[in-house]
Amino acid sequence: MRNQTTRFEAEASDRELIAMILNGEDVQAAWDALLTRYSNLIYSVPLRYGLQESDANDVYQGVCETLWKEVAGLRDPDRLDAWLLKVAGRLSWRAIMNRRRQTQHESVVVDTESPLPESGPRPDEVVMRHDEWRAVAAAVRALSNRCQKLIWYLYYDPAMLSYEDIARRMGLAEGSIGSIRARCLEQLKKQLDDLKR
Amino acid sequence: MDSQAEPLDSQAELPFRLLHQLAHGEIAEDDLDLLQAMLRAEGLAACPPEAQAQASSLAQAQPRQSSKARVREIVEHATHLAQLVFDSWSAPQLAPVRSESALPRQLLLRAQDVEISLNVQSTSINHMTLIGQVLGPGQSTGEARLVRDVMPPVGAPQIVVARRDEQGYGPVPVDDLGEFLIDQIRPGRYVLSIQLDTERIESIALELNGKPGDFAQ
């Protein structure tokens with residue numbers, strides 16, 4: 001079985017592995033090949049949100065169970081990685097909210113009437129592991145000043161400004177943001193690729 | 001700059017906006033690719049082997065029904081109800097006048113474009129033999145069984161679905177001429193169920209007795 005999984009992992013596309021699962025052909029080997037391919041990615045998401053390992057494990061199991069149950073309904077099996085990221089992000093956030101509620105419940109002994117906040121904390125209030133994003137931040141810093149600034153506004157700034165506001169602050173025409181963004185992302189992805197090597 | 005911080009200063013290394021959008025399901029597809037590239041660039045955390053083993057067990061703990069099996073099940077459950085269109089015991093001109101029970105009873109059932117011809121012959125006081133043939137345009141091999149019927153409550157719809165756990169006879173094979181034979185049948189109320197390759201046919205309830213006069217629907 002392990003040999004089979006290794007072969008599938010190396011040779012089969014996500015779409016092919018999903019088809020095997022749906023058709024009942026070598027289901028365990030195909031499922032294991034998908035897990036081997038994506039477990040680290042899934043598991044990293046809750047950790048990058050600052051969750052502890054026990055919570056990260058819960059999120060990971062939740063993502064895997066969701067995939068197992070919903071694999072037949074995936075709209076685009078070629079985008080499985082993106083789908084997994086989305087599910088992992090949602091479940092991580094849910095875990096953060098649960099952790100937050102637990103903490104509040106433990107700290108508020110008498111005041112049981114106060115409702116819990118609906119919106120919850122912002123990610124920058126709960127995510128403590130900034131150091132784990134330093135390599136990416138360094139890659140952004142390696143970009144040109146203009147790209148660095150634009151990437152900051154687009155992906156980092158908690159103010160989450162609109163394109164219009166970003167354009168105004170950067171002294172650019174709003175219509176030009178899209179094309180500049182595309183060029184900056186290209187540079188950034190190259191920097192990120194270099195980091196992986 | 002809105003946050004009054006220099007871009008990517010030491011307090012601002014978190015891709016907050018990306019994480020916020022991901023957490024709330026608002027992230028764009030190409031930003032998902034960027035986020036994945038960022039995660040991989042930072043280096044992915046190693047998923048503990050025991051966690052992966054637990055996820056692996058899902059395939060056995062919650063077995064999936066394969067698509068092919070689901071299609072087969074749906075097809076097999078596409079049951080057609082066969083109505084009685086002829087019964088020799090209810091046709092006055094053909095009703096036996098002598099030695100009634102010695103004459104085989106002829107029945108004809110129809111479900112869509114499939115007809116089932118039945119010949120019921122008493123072999124002893126308490127036993128009968130049913131010889132049938134499935135006639136239709138498609139492939140007719142499969143299997144046939146008689147399932148004891150449970151009388152529906154008064155006022156209930158007259159379409160009777162036999163309960164599979166009831167006593168009955170068969171299955172017996174339906175050969176490539178569409179013929180089948182069930183013997184040693186005791187008198188009673190039955191549903192004839194025929195499973196062909198692509199469809200299931202179930203008859204209305206049939207009263208099979210050694211003498212004429214009380215067939216039922």
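Numbered from 1 within each chain, the chains take letters A, B, ... in sequence-line order. Source: prediction; values computed, not measured.
Across all non-hydrogen atoms, the minimal contact from B/M38 to A/W133 is CB-CZ3, 4.1 Å. The two residues A/L47 and B/A45 make their nearest non-hydrogen contact at CD1-CB, 3.4 Å. Residue B/A55 comes nearest to A/W31 through the heavy atom pair O-NE1, 2.9 Å, listed as atom of the first residue, atom of the second, then distance. Between A/W93 and B/A23, the closest heavy-atom pair is CB-CB, 3.6 Å. Residues B/F16 and A/D157 share a closest heavy-atom pair of CD2-O, 4.1 Å. Between A/R90 and B/G25, the closest heavy-atom pair is CD-N, 3.5 Å.
Of the two parts of A/L185, only the side chain, counted from C-beta on, holds a non-hydrogen atom closer than 4.5 Å to a non-hydrogen atom of chain B. Contacts between A/R181 and chain B at a heavy-atom distance below 4.5 Å involve the side chain alone, from C-beta outward. Heavy atoms closer than 4.5 Å to chain A are found in both the backbone and the side chain of B/E29.
Salt-bridge check for B/D30 with A/K189: failed, with every basic side-chain N at 4.0 Å or more from each acidic carboxylate O.
Heavy atoms from other residues, nucleotides or ligands lying under 6.0 Å from CZ of A/R79 number more than 12. A/E174 CD: more than 12 foreign heavy atoms inside a 6.0 Å radius.
Counting heavy-atom pairs closer than 4.5 Å to chain B, the top residue among A/A139, A/A88, A/S39 is A/S39. Considering only heavy-atom pairs separated by less than 4.5 Å from chain A, the leading option among B/L39, B/I27, B/L35 is B/L39. Listed options A/V27, A/I166, A/L41, A/L67 were ranked by heavy-atom pairs under 4.5 angstrom with chain B; first place goes to A/L41. In terms of heavy-atom pairs under 4.5 angstrom with chain B, the leader among A/L188, A/I42, A/L154 is A/L154.
Listed for the A/Y43 side chain is no donor-acceptor partner under 3.5 Å among the backbone atoms of B/Q52. Panel note: side chain B/Q36, backbone A/A82; no donor-acceptor pair is recorded below 3.5 Å. A donor-acceptor distance shorter than 3.5 angstrom exists from the side chain of A/N40 to the backbone of B/C47, with no hydrogens or angles considered. In terms of modelled atom types and a separation under 3.5 Å, the side chain of B/Q21 and the main chain of A/Y155 share no donor-acceptor contact. Without hydrogens or angle criteria, A/R48 side chain to B/L44 main chain gives no donor-acceptor distance under 3.5 Å.
Distance check, rounded to the nearest 0.5 Å: CG of A/L85 to CG of B/D31 gives 11.5 Å. Atom CG in A/L192 sits 9.0 Å away from atom CD in B/E42 (nearest 0.5 Å). Atom CZ in B/R17 sits 11.5 Å away from atom CD1 in A/I151 (nearest 0.5 Å). A distance of 8.5 Å separates CG of B/L32 from CG of A/D81, quoted to the nearest 0.5 Å.
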Please walk me through it: do B/S56 and A/Q28 pass side-chain contact (heavy atoms from CB on, under 4.5 Å)?
CA-CA 8 Å; B/S56 171; A/Q28 186 70 61; 3.0 Å; yes
CA sep, side-chain torsions, deciding dist, call: A/E65, B/L58, side-chain contact (heavy atoms from CB on, under 4.5 Å):
CA-CA 7 Å; A/E65 279 184 34; B/L58 283 169; 3.7 Å; yes
